[in-house]
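Ligands are counted one by one from 1 in listed order, and the atoms in each one are counted from 1 as well. Keep in mind that what you see is a predicted model, and the values were worked out from it rather than measured.
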Amino acid sequence: MFESLSDRLTGALKDLRGKGRLTDSDIDATAREIRLALLEADVSLPVVRTFIANVKERAKGSEVSAALNPAQQIVKIVNEELVAILGGETRRVQLAKTPPTVIMLAGLQGAGKTTLAGKLAKWLSGQGHTPMLVACDLQRPGAVQQLQIVGERAGVPVFAPHPGTAVGGEGTLGVSSGDPVQVAQAGVAEAKTKQHDVVIIDTAGRLGIDAELMRQASDIRDATNPDEVLFVLDSMIGQDAVSTAQAFAEGVDFTGVVLTKLDGDARGGAALSVREITGRPIMFASTGEKLEDFDVFHPDRMASRILG
Ligand code: GDP
């Protein structure tokens with residue numbers, strides 16, 4: 001995903017090698033190259049500005065290390081600043097003191113929420129948890145069935161409304177199986193009864209941001225009081241990533257971000273801006289269509305990968 005950014009950054013830093021001493025103009029020239037590399041990769045402008053200002057300030061400052069030559073010193077600074085914009089520490093899932101832990105997924109249609117539900121469930125199972133999925137995307141035809149297939153693959157049960165019957169009940173008229181808030185609540189109740197320690201709620205997406213989408217997501221949130229609300233972001237949507245993330249931060253107030261489609265060849269830098277722009281940590285990375293293509297997001301490992 002970040003091949004061209006990686007190439008550009010390594011190129012910019014390579015020019016410094018062999019220099020015994022760096023002048024301010026060496027540092028400025030390198031900072032310009034880094035700036036261009038980040039902008040070309042779609043990293044958002046305010047994030048680039050802060051990043052470059054920090055690198056310059058530190059490079060021109062008094063950070064002298066006997067163990068590193070000046071070029072290595074700059075590489076170290078760039079690496080540390082990259083780790084910082086990516087969130088610093090790895091952020092783990094917040095587990096509820098009293099199970100079940102409720103994890104709600106939100107994001108645009110096609111972002112990879114349903115796929116992620118399966119990945120997360122499989123990953124949590126591997127950690128000794130007993131997750132259950134809840135199908136609350138009642139908007140898109142086939143979404144419930146897709147989650148059921150994903151659940152089967154991941155080997156975890158899926159709670160879904162039966163068409164034409166009431167949620168969690170005996171078909172009591174007046175309780176709509178088409179109401180995602182009721183399905184979510186009934187799902188959490190079912191998890192308690194069946195002693196699943198984690199509930200993952202898949203919600204509806206839209207092709208674009210709209211008020212109804214946000215209201216539905218925040219209603220589900222209010223009704224289930226999740227321990228984590230994960231905003232699922234397609235890394236390939238380019239500059240739209242930033243505005244989408246901002247809209248969800250305001251509308252649903254998520255606790256963490258999952259970057260999907262990091263295996264794609266798009267520039268992807270906008271996704272790298274999301275932590276800095278929203279203040280919410282990137283928690284997981286999705287790197288393919290298979291259930292195994294998934295991992296915890298480690299800012300330091302991602303920074304090292306980007307720096308080659
Ligand atoms: P949802 O509408 O948010 O639930 O999105 P889906 O889970 O249905 O995913 C939309 C499409 O993206 C599907 O074709 C998935 O197979 C694909 N997809 C999901 N995650 C990834 C990923 O990390 N990499 C790639 N290449 N494709 C993905």
Side-chain angles (χ1 to χ4, degrees), residues 1-3 42 103-124 131-154 156 158-161 180 183-184 187 199-210 212-214 216-218 220-221 226 228-238 240-241 243-245 247-249 251-252 254 256-272 274 282-298 301-302 305:
M1 150 109 334
F2 297 112
E3 284 85 6
D42 268 350
I103 302 175
M104 172 181 156
L105 310 181
L108 293 182
Q109 186 173 315
K113 281 183 302 302
T114 306
T115 312
L116 173 75
K119 291 177 173 185
L120 198 53
K122 187 166 184 220
W123 180 80
L124 285 163
M132 187 185 91
L133 302 177
V134 180
C136 290
D137 180 354
L138 309 182
Q139 225 85 32
R140 184 164 61 86
V144 171
Q145 202 193 0
Q146 189 194 342
L147 191 71
Q148 282 165 330
I149 293 167
V150 159
E152 205 166 297
R153 270 194 211 131
V156 298
V158 177
F159 181 86
V183 174
V199 184
I200 301 168
I201 302 174
D202 187 25
T203 65
R206 295 280 193 287
L207 289 174
I209 311 245
D210 71 30
E212 202 198 322
L213 161 72
M214 287 301 172
Q216 188 182 95
S218 67
I220 295 175
R221 182 193 174 115
E228 297 279 10
V229 179
L230 301 182
F231 167 56
V232 183
L233 177 64
D234 177 345
S235 312
M236 305 222 284
I237 64 171
D240 284 347
S243 54
T244 308
F248 273 88
V252 193
F254 54 84
V257 181
V258 180
L259 295 181
T260 63
K261 311 192 192 179
L262 279 173
D263 51 311
D265 56 6
R267 297 185 285 189
L272 296 184
V274 73
I282 303 168
M283 292 174 59
F284 294 102
S286 192
T287 50
E289 298 192 71
K290 293 201 289 294
L291 287 184
E292 305 75 52
D293 301 330
F294 170 79
D295 206 351
V296 171
F297 184 85
H298 298 288
R301 288 190 210 163
M302 181 54 88
R305 246 183 74 188

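Under a 3.5 Å cut-off, the side chain of Ser286 and the backbone N or O of Leu259 do not form any donor-acceptor pair. At least one donor-acceptor pair under 3.5 Å links the side chain of Thr203 to the backbone N or O of Leu105. Side chain of Ser218 to main chain of Val252: no donor-acceptor pair is present (N/O by atom type, distance under 3.5 Å, no hydrogens or angles).
What sits closest to atom 8 (O) of ligand 1 on the protein, heavy atoms only, is Gln146 NE2, 2.9 Å. Of the protein's non-hydrogen atoms, Thr114 OG1, 2.7 Å is the one closest to atom 4 (O) of ligand 1. Here the heavy atom of the protein found nearest to atom 5 (O) of ligand 1 is Gly112 N, 3.0 Å. Scanning the protein heavy atoms around atom 19 (C) of ligand 1, the nearest turns out to be Thr115 OG1, 3.6 Å.
Residue Ala117 comes nearest to Leu147 through the heavy atom pair CB-CD1, 3.7 Å, listed as atom of the first residue, atom of the second, then distance. Closest approach of Gly205 and Leu213 over heavy atoms only: CA-CD1, 4.0 Å.
Between Gln109 and ligand 1, no N or O atom pair is found at a separation short of 3.5 Å. Residue Leu262 has no N or O atom closer than 3.5 Å to an N or O atom of ligand 1. At a 3.5 angstrom cut-off on N or O pairs, Asp263 counts as close to ligand 1. At under 3.5 Å, a nitrogen or oxygen of Ser286, whether backbone or side chain, sits near a nitrogen or oxygen of ligand 1.
Partners of Asp210 by salt bridge (Lys or Arg N to Asp or Glu O under 4.0 Å), not counting sequence neighbours, listed by chain and number: Arg206. Shown here are the ring-ring contact (aromatic ring centres under 6.0 Å, His included) partners of Phe284, two or more places apart in sequence or in another chain: Trp123, Phe294.
Annotation for ligand 1: atoms under 4.0 Å from non-hydrogen atoms of Lys113 are 1 (P), 3 (O), 4 (O), 5 (O), 7 (O). Distances below 4.0 Å separate heavy atoms of Thr287 from the following atoms of ligand 1: 23 (O).
Ligand 1 lies less than 4.0 angstrom from a heavy atom belonging to Lys119. Contact annotation: Ala111 has at least one heavy atom less than 4.0 Å from an atom of ligand 1. Residue contacts with ligand 1 do not include Asp293, since none of its heavy atoms lies under 4.0 Å from the ligand. Under the 4.0 angstrom criterion for non-hydrogen atoms, Leu108 is in contact with ligand 1. Ligand 1 lies less than 4.0 angstrom from a heavy atom belonging to Gly110. Gly288 counts as a contact of ligand 1, since one of its heavy atoms falls under 4.0 Å from the ligand.
The existence of a salt bridge linking Lys261 and Asp234 is confirmed by a sub-4.0 Å separation between a basic side-chain nitrogen and an acidic carboxylate oxygen.
Proximity of Asp137 to Gln146: side-chain heavy atoms (C-beta onward) are nowhere separated by under 4.5 Å.
Taking only non-hydrogen atoms, the option from Glu289, Met236, Lys261 nearest to atom 12 (O) of ligand 1 is Lys261.
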When you look at Gln139 and Gln216, which way does the side chain to side chain donor-acceptor pair (under 3.5 Å) test go after all the steps? CA-CA 11 Å; Gln139 225 85 32; Gln216 188 182 95; 3.3 Å; yes
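In this structure, Arg140 places its CZ atom where more than 12 heavy-atom neighbours from other residues, nucleotides or ligands lie under 6.0 Å away.
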